[in-house]
Chemist: 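This is the structure I want to talk about, given as structure tokens.
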Amino acid sequence: MNNYPIYGNILCYNELPDIQRCLDSMTGITDKTFIVDSFSTDGTWEWLNNVKDVYNLELFQRKFTTFGDQRQFLLDQTPVNSWILCIDADEAFSTTGALHLRDDVIHMIPEA
């Protein structure tokens, strides 16, 4: 069975109140999470750098132009042959959903 990695993609700007809840909910689902920050001014960028090894984060800072442009930038950074989970920084997976997502994705991958 092909076992493609699952990567998280998050856009953020001034998400300090919510980003930890989001990342905690992705623990055990994603192999790595790619985040592009649009030059947060509330301490988000500093907090992310302090926890990047804990959450296995790949961090980028980039001026915001449009959501589509930022999302495409992250997609371009994410390795091919993978599943990509795009989530907003103020969202989180429910415990029940998180428990089953990785197993469900692995079983959807066709045999080579």
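For clarity, every value in this text was computed on a predicted model and none was experimentally measured. Numbering of residues begins at 1 and proceeds along the displayed sequence. Basis for what follows: all heavy atoms, side chains included, without hydrogens, waters or symmetry-related copies.
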Chemist: State, with a plain yes or no, whether a side-chain heavy atom of V36 is found less than 4.5 Å away from one of N9.
Modeler: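 A side-chain contact under 4.5 Å is absent here.
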
Chemist: Report yes if some heavy atom in the side chain of D88 is under 4.5 Å from a heavy atom in the side chain of I10; otherwise report no.
Modeler: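 The answer is no, as the side chains (C-beta and beyond) never meet within the 4.5 Å cut-off.
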
Chemist: Any donor and acceptor pair, going by atom type alone, linking the side chain of T78 with main-chain N or O of L74 inside 3.5 Å?
Modeler: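 Looks like yes, one N/O pair under 3.5 Å.
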
Chemist: Under a plain distance cut-off of 3.5 Å, with no hydrogens placed, do D42 and Y13 share a side-chain donor-acceptor pair?
Modeler: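 No - no donor-acceptor pair under 3.5 Å links their side chains.
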
Chemist: Check C22 against A92 and note the closest heavy-atom contact, atom names and distance.
Modeler: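 Reported closest heavy-atom pair: CA-CB, 4.4 Å.
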
Chemist: Decide yes or no on side-chain contact (heavy atoms from CB on, under 4.5 Å) for L57 and L23, but give the supporting numbers first.
Modeler: CA-CA 10 Å; L57 304 177; L23 292 173; 3.9 Å; yes

Chemist: Can any side-chain N or O of N56 pair as donor or acceptor with the backbone N or O of K52 at less than 3.5 Å?
Modeler: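 Absent.
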
Chemist: Work out which heavy atom in C12 is nearest to a heavy atom in T44; give both atom names and the distance.
Modeler: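 So the two residues come closest at SG-CG2, 4.0 Å.
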
Chemist: Within the 4.5 Å heavy-atom criterion, are L85 and F93 side-chain neighbours or not?
Modeler: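 They are in side-chain contact.
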
Chemist: Go through the steps to decide whether C86 and I84 satisfy the test side-chain contact (heavy atoms from CB on, under 4.5 Å), and finish with yes or no.
Modeler: CA-CA 6 Å; C86 297; I84 300 171; 4.0 Å; yes

Chemist: Test your reading of the model: is there a side-chain donor-acceptor pair from D37 to the backbone of W45, 3.5 Å cut-off?
Modeler: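 No, the answer is negative, given that no donor and acceptor are paired below the 3.5 Å cut-off.
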
Chemist: So, does Q70 use its side chain to make a donor-acceptor pair with the main chain of F67 at under 3.5 Å?
Modeler: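 Judged by distance alone, no pair lies under 3.5 Å.
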
Chemist: Would you call R62-D69 a salt bridge at under 4.0 Å N-O?
Modeler: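 Yes.
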
Chemist: Do S40 and E15 get their side chains close enough for a donor-acceptor pair, meaning under 3.5 Å?
Modeler: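 Short answer, no.
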
Chemist: Mind checking the CG-CD spacing from L48 to E58? Nearest 0.5 Å is all I need.
Modeler: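 Here the rounded value is 12.5 Å.
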
Chemist: First locate atom OH of Y4, then atom OG of S82, and finally report the distance between them rounded to the nearest 0.5 Å.
Modeler: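 It is 9.5 Å, given to the nearest 0.5 Å.
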
Chemist: If you group Ile, Leu, Val, Met, Phe, Trp and Tyr by side-chain heavy-atom gaps below 4.5 Å, do L11 and F34 land in one group?
Modeler: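 Both belong to a single hydrophobic cluster.
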
Chemist: Could you list the residues that satisfy side chain to side chain donor-acceptor pair (under 3.5 Å) with Q72, not counting sequence neighbours?
Modeler: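 D76.
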
Chemist: First locate atom CE of M26, then atom NZ of K32, and finally report the distance between them rounded to the nearest 0.5 Å.
Modeler: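 M26 CE to K32 NZ: 13.0 Å, rounded to 0.5 Å.
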
Chemist: Measure across T30 and Y7 and return the closest heavy-atom pair with its distance rounded to 0.1 Å.
Modeler: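 Taking T30 first and Y7 second, the nearest heavy atoms are CG2-C, 4.0 Å.
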
Chemist: Check for me, please, whether I87 and V51 land in the same ILVMFWY cluster - side-chain distances under 4.5 Å, paths through other members count.
Modeler: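 The answer is yes; both residues are in one hydrophobic cluster.
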
Chemist: Any idea how F73 and F60 line up, ring-wise: parallel (<30°), tilted (30 to 60°), or perpendicular (>60°)?
Modeler: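 F73 vs F60 ring planes: perpendicular.
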
